[in-house]
Amino acid sequence: MTSFSTGREALDTEHRRQFLESGYLVLPALLPEALRERLVPEVDRWVDEGLRARSIEACTDPDRHGSPPLLELELPAHGRLLTHPPLMRALTGLIGPSFVFHHLHSDRQAPGIPGKPWHHDCEPNDGPDPALVMVHALHYLGGLDEKVGSLAVLPGSHHSTAGKTAYAHHGTAELPGEVVIDRLPPGSTVLLNSALFHTRRPAPDGPGRPRYFIDASYCQVGARWRPVKPYWRQMLARARELDLADGQWPELFGEHHFTEYTGTV
């Protein structure tokens, strides 16, 4: 498994090479316990108070529902997670020091939830350089094990040009060459090239425990990327108002890195 220590050191050349070739990097226990303990109740609030449902409605029918009453990044620990220093160091080592935040998604997936078929999550951009990278940071607050389920990835599949659902007809079935990630300690993160095909599989022995899951995505600058939320300008403006970049990441919440919103895909 392609993995990296969560200390203060930078990514070395081998880790970068492995990420470029395989399309993923595992960061065991990236999130400290103190941050994880703040994130879990925020996820519970996001789900139990219907805020997640409201955010989905704001995307699927914005004319009717308008913007959501609260954004994930307005939850204090979620905002802190976006620029968690070890995460920023890892991203800098993989895609360089200049990147922009794309979106944040938080969920408490119920025990027994069906798996998610093979897919990738890369959005297009209007740049002339096809090598520009979008990265998804998948944070597993409770880790992964036989009671939560697993993540399977298809190393190297990000090098092909294919639609997001090109492999969906396989469901969550095993594919040749896949790597299964099913043993991670709490607070672990998996970085994916967003064009890498992957699938979520449920716990093998039936319903176990909830999967606390947060994903955040980031894009290399140098092109304009397609936003996925109709209220994306509000989201970036609020991040700037809250100074989530803390003066260290001037491009992180810049609107000029995006095209206009054209609808939910």
Side-chain angles (χ1 to χ4, degrees), residues 1-36 38-39 72-73 77-106 120-123 131-144 151-159 179 181 183-198 212-222 225 239 244-254 257:
M1 184 180 295
T2 306
S3 62
F4 172 62
S5 168
T6 58
R8 297 186 61 84
E9 67 275 20
L11 289 170
D12 61 26
T13 301
E14 179 62 17
H15 285 114
R16 287 191 290 270
R17 183 192 65 79
Q18 291 177 355
F19 181 80
L20 289 173
E21 291 183 1
S22 69
Y24 75 101
L25 182 69
V26 178
L27 306 174
L30 178 75
L31 310 182
E33 183 64 17
L35 178 58
R36 196 179 71 85
R38 293 173 58 202
L39 285 165
E72 290 106 322
L73 57 76
H78 279 65
R80 178 69 181 81
L81 176 63
L82 287 184
T83 57
H84 182 48
L87 174 63
M88 295 290 99
R89 288 195 294 272
L91 288 171
T92 297
L94 296 178
I95 61 176
S98 194
F99 46 85
V100 61
F101 165 71
H102 192 275
H103 71 273
L104 179 66
H105 165 242
S106 185
H120 74 68
D121 296 303
C122 192
E123 296 297 328
L132 290 174
V133 176
M134 181 180 188
V135 174
H136 270 64
L138 311 183
H139 303 290
Y140 297 96
L141 303 187
L144 290 177
L151 169 72
V153 299
L154 197 59
S157 58
H158 61 299
H159 295 303
V179 170
I181 303 170
R183 290 291 184 275
L184 288 179
S188 292
T189 298
V190 179
L191 297 182
L192 298 183
N193 182 307
S194 302
L196 186 77
F197 279 92
H198 57 285
Y212 282 82
F213 174 75
I214 302 172
D215 80 68
S217 61
Y218 306 81
C219 305
Q220 278 184 302
V221 301
W225 296 83
L244 297 184
D246 196 25
Q248 300 183 58
W249 307 96
E251 301 296 333
L252 192 59
F253 302 110
H257 297 298

Supply the atom-to-atom distance [X] [atom1] to [Y] [atom2], rounded to the nearest 0.5 angstrom.
| X | Y | atom1 | atom2 | answer |
| --- | --- | --- | --- | --- |
| L94 | L20 | CG | CG | 8.0 Å |
| W225 | S217 | CH2 | OG | 9.5 Å |
| H78 | H105 | NE2 | NE2 | 10.0 Å |
| L39 | H139 | CG | NE2 | 8.5 Å |
| H158 | E21 | NE2 | CD | 8.5 Å |
| I214 | E72 | CD1 | CD | 9.0 Å |

Smallest separation among heavy atoms of [X] and [Y], with atom names:
| X | Y | value |
| --- | --- | --- |
| G187 | R36 | N-CD, 3.6 Å |
| T83 | A245 | CG2-CA, 4.3 Å |
| G93 | R16 | O-CD, 2.6 Å |
| L144 | I181 | CD1-O, 3.5 Å |
| P185 | A29 | CG-N, 4.0 Å |
| P155 | L196 | CA-CD1, 4.1 Å |

Within the 4.5 Å heavy-atom criterion, are [X] and [Y] side-chain neighbours or not?
| X | Y | answer |
| --- | --- | --- |
| F19 | V135 | yes |
| W249 | T92 | yes |
| L184 | L151 | no |
| L244 | F101 | no |
| Y218 | L82 | yes |
| L87 | L191 | yes |

Check your understanding: Pick one: which of Q220, E251, H102 meets side-chain hydrogen bond (donor to acceptor under 3.5 Å, both in side chains) with H257?
Key -> E251

Exercise for review: Report yes or no: do S157 and H120 form a side-chain donor-acceptor pair below 3.5 Å?
Suggested key: no

Check your understanding: Donor-acceptor pair, D246 side chain versus Q248 backbone, under 3.5 Å?
Key -> no

Review point. So, S98 side chain and V221 main chain: donor-acceptor pair closer than 3.5 Å or not?
Key: no

Practice item. Using the six-membered ring wherever Trp is involved, compare the ring planes of F213 and Y140 and label them parallel, tilted or perpendicular (cut-offs 30° and 60°). Key: tilted

Exercise for review: Take L252 and F99 through the test side chain to side chain contact (heavy atoms under 4.5 Å, CB included) and record every step on the way to the result.
Suggested key: CA-CA 6 Å; L252 192 59; F99 46 85; 3.9 Å; yes

Practice item. For residues H136 and H103, establish whether the separation of their ring centroids is below 6.0 Å. Key: yes

